[in-house]
Amino acid sequence: AKDKGGACYQFYTAAMNAHGNERLRLEADLRRALERGELQMHYQPKMNLRTQAIVGVEALMRWRHPVLGQVSPAQFIPIAEDTGLIVAMGRFALEAACADAQEWRRRGLPPVQMSVNLSPRQLTGATLVSDIAGVLQRSGLDPTLLELEITEGAMMKSPETAAALLHELRALGVGLAIDDFGTGYSSLSYLKRFPLSTVKIDRSFVRDLSTDPDARALANGIITLAHGLRMKVVAEGVETAEQLEHLRSQDCDEIQGYWLCKPMPAEQAYEFMAERRVP
Ligand code: C2E
Ligand code: CA
Ligand code: CA
Ligand code: CA
């Protein structure tokens, strides 16, 4: 019995080490990914449910690892968060997204809103407001076309500081969206407390719309509540026509999801939008 226990223990630590090594390796590689040009922004269009026009895109980061190929953001964003690498990566994301949006304008596309994800770590950085002002100035993008997506968790860490910061960002003219709404611990009072312009209904509610009356009640409630507070509502993760029709019947403003298209590189996103343009 003793031997068996020892073997188990050894196996356990070996597995732990393998896991730890993999993470350490990714961490080391991520440090170099930015300078080696392995990071790229992809864009997923959002459609207005009343006009069917493409009214915005969400910028999503992609990492093409030289050996492992595509690494999921679910894997590398947490590492970037923990190590602080997210600050430099977040700057890159903002810079690339604003430059691409401005380039689409230059090539004749009607204005679309560019939404960029902000991590909690970026929200606590001292230079965020001046960073964003700088990016807007360099790109020449109209500030009202930039939207920052922030999660509830990021605002909860220090609500006072976050509220002040978000007011400064709003003063620049940029929009603020609360991401993954309904999945965190925050209360409804956050909607009133922070100067938000958009609520994004999390994919978990959208996924269960046709099968779960509770998910439907929550989605409907979020839409009514957000509209009552004069906020725009975007539903993420829309995959079926049934989900879309339900959201339309509830007067949801915009949808995003595989039903419309997956995230794609800048050039493809440009072509997608140019072809759909109503003449
Ligand atoms: P998120 O902000 O909630 O982004 C939406 C995620 O849902 C994206 O995953 C998108 O590809 C995926 N998605 C969109 N439509 C559908 C659909 O119809 N079905 C399904 N199953 N999925 C859909 P992605 O690109 O893997 O990103 C995962 C998360 O990583 C993001 O969640 C966000 O939290 C984070 N992330 C990605 N890019 C960035 C970035 O540039 N900065 C920061 N801070 N976080 C990022
Ligand atoms: Ca997002
Ligand atoms: Ca989201
Ligand atoms: Ca989500």
Side-chain angles (χ1 to χ4, degrees), residues 30 33-34 38-47 54 56-64 69-101 113-125 128 131-132 135 146-155 175-184 196-210 219 222 232-244 247 254-266 268-269 272:
L30 193 56
L34 196 54
E38 294 164 12
L39 300 179
Q40 196 193 12
M41 299 313 292
H42 280 204
Y43 301 97
Q44 186 178 36
K46 301 178 191 177
M47 185 186 85
I54 304 298
V57 298
E58 177 175 5
L60 294 156
M61 195 177 286
R62 296 291 176 260
W63 179 18
R64 198 183 171 79
Q70 290 292 341
V71 181
S72 160
Q75 229 182 333
F76 73 80
I77 295 286
I79 298 178
E81 266 286 318
D82 292 349
T83 54
L85 286 169
I86 194 73
V87 175
M89 288 163 61
R91 278 205 194 98
F92 162 79
L94 276 164
E95 203 81 50
C98 291
D100 285 336
Q113 189 166 47
M114 173 57 75
S115 301
V116 181
N117 292 286
L118 271 199
S119 84
R121 188 91 169 222
Q122 286 174 281
L123 263 191
T124 55
L128 183 67
D131 281 353
I132 287 175
V135 170
L146 179 64
E147 178 176 72
L148 304 170
E149 297 195 0
I150 302 158
T151 57
E152 299 165 84
M155 294 187 251
L176 296 175
I178 184 162
D179 205 354
D180 303 341
F181 187 72
T183 60
L196 302 162
S197 39
T198 303
V199 172
K200 291 193 82 174
I201 302 180
D202 190 64
R203 182 158 67 85
S204 56
F205 302 126
V206 174
R207 185 187 54 217
D208 300 335
L209 272 182
S210 44
I222 293 171
K232 182 170 82 175
V233 186
V234 180
E236 63 178 23
V238 175
E239 295 185 355
T240 70
E242 204 179 345
Q243 292 164 348
L244 184 149
L247 291 160
E254 298 172 15
I255 57 127
Q256 177 186 356
Y258 296 168
W259 179 85
L260 183 63
C261 59
K262 291 196 170 180
M264 48 201 164
Q268 246 173 284
F272 182 90

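Since the structure is predicted, the reported quantities are computational estimates derived from the model, not experimental observations. Whatever order the structure lists them in is the order used to number ligands and atoms, beginning at 1.
A side-chain hydrogen bond (donor to acceptor under 3.5 Å, both in side chains) with E58 holds for exactly one of H42, Q113, Q44, Q256; it is Q256.
Between Q122 atom CD and D131 atom CG the span is 8.5 Å, to the nearest 0.5 Å. Between atom OG1 of residue T151 and atom CG of residue D179 there is a gap of 7.0 Å, rounded to the nearest 0.5 Å. Atom CG of L30 sits about 11.0 Å away from atom CG of D82, to the nearest 0.5 Å. Interatomic distance, CZ of R203 versus CG of D180, reported as 9.5 Å (0.5 Å rounding). One finds the CG atom of L85 at 8.5 Å from the CG atom of L34 (value rounded to the nearest 0.5 Å). For the atom pair CD1 of I255 and CG of L247, the computed distance is 8.0 Å after rounding to the nearest 0.5 Å.
When non-hydrogen atoms are compared, ligand 1 lies under 4.0 Å from neither the backbone nor the side chain of K262. Residue contacts with ligand 1 for M89 are absent, since no atom lies close enough (heavy atoms, distance under 4.0 Å). Counting heavy atoms under 4.0 Å from ligand 1, residue D180 touches it through the side chain alone. The proximity of D179 to ligand 1, defined as any non-hydrogen pair under 4.0 Å, is limited to the side chain. Within the 4.0 Å heavy-atom criterion, both parts of L60, backbone and side chain, lie near ligand 1. Under 4.0 angstrom from ligand 1, the non-hydrogen atoms of P263 all belong to its side chain.
Heavy-atom proximity to atom 25 (O) of ligand 1, evaluated over H42, R62, Q243, is greatest for R62. Closest to atom 41 (O) of ligand 1 by heavy atom, among K200, E58, M61, is M61.
Per-residue contacts place E239 under 4.0 angstrom from the following atoms of ligand 1 (heavy atoms of the residue considered): 17 (C), 18 (O), 19 (N), 20 (C), 21 (N). Atoms of ligand 1 lying under 4.0 Å from at least one heavy atom of Q44, given by number and element, are 14 (C), 15 (N). The atoms of ligand 1 that sit less than 4.0 Å from any heavy atom of E236 are 3 (O).
In E236, the N, O or S atom that comes nearest to the Ca ion (ligand 3) is OE1. The Ca ion (ligand 3) lies closest to atom OD1 when only the N/O/S atoms of D180 are considered. Nearest N/O/S atom of E58 with respect to the Ca ion (ligand 2) is recorded as OE2.
Looking only at atom types and distance, the side chain of S115 has a donor-acceptor partner in the side chain of K46 under 3.5 Å away.
The Ca ion (ligand 2) has an N, O or S atom of E149 under 3.0 Å away, backbone or side chain.
The angle subtended at the Ca ion (ligand 2) by OD2 of D179 and OD1 of N117 is 90°, given to the nearest 10°.
Between the E152 side chain and the G182 main chain, a donor and an acceptor come within less than 3.5 Å of each other.
Using a non-hydrogen distance threshold of 4.0 Å, G237 registers as a contact of ligand 1. Contact analysis leaves Q256 out of contact with ligand 1, as no non-hydrogen atom separation drops below 4.0 angstrom. The closest approach between any non-hydrogen atom of M41 and ligand 1 is below 4.0 Å.
By the neighbour-count criterion of 12 heavy atoms within 6.0 Å, atom CD of E239 is densely surrounded, having more than that number from other residues, nucleotides or ligands.
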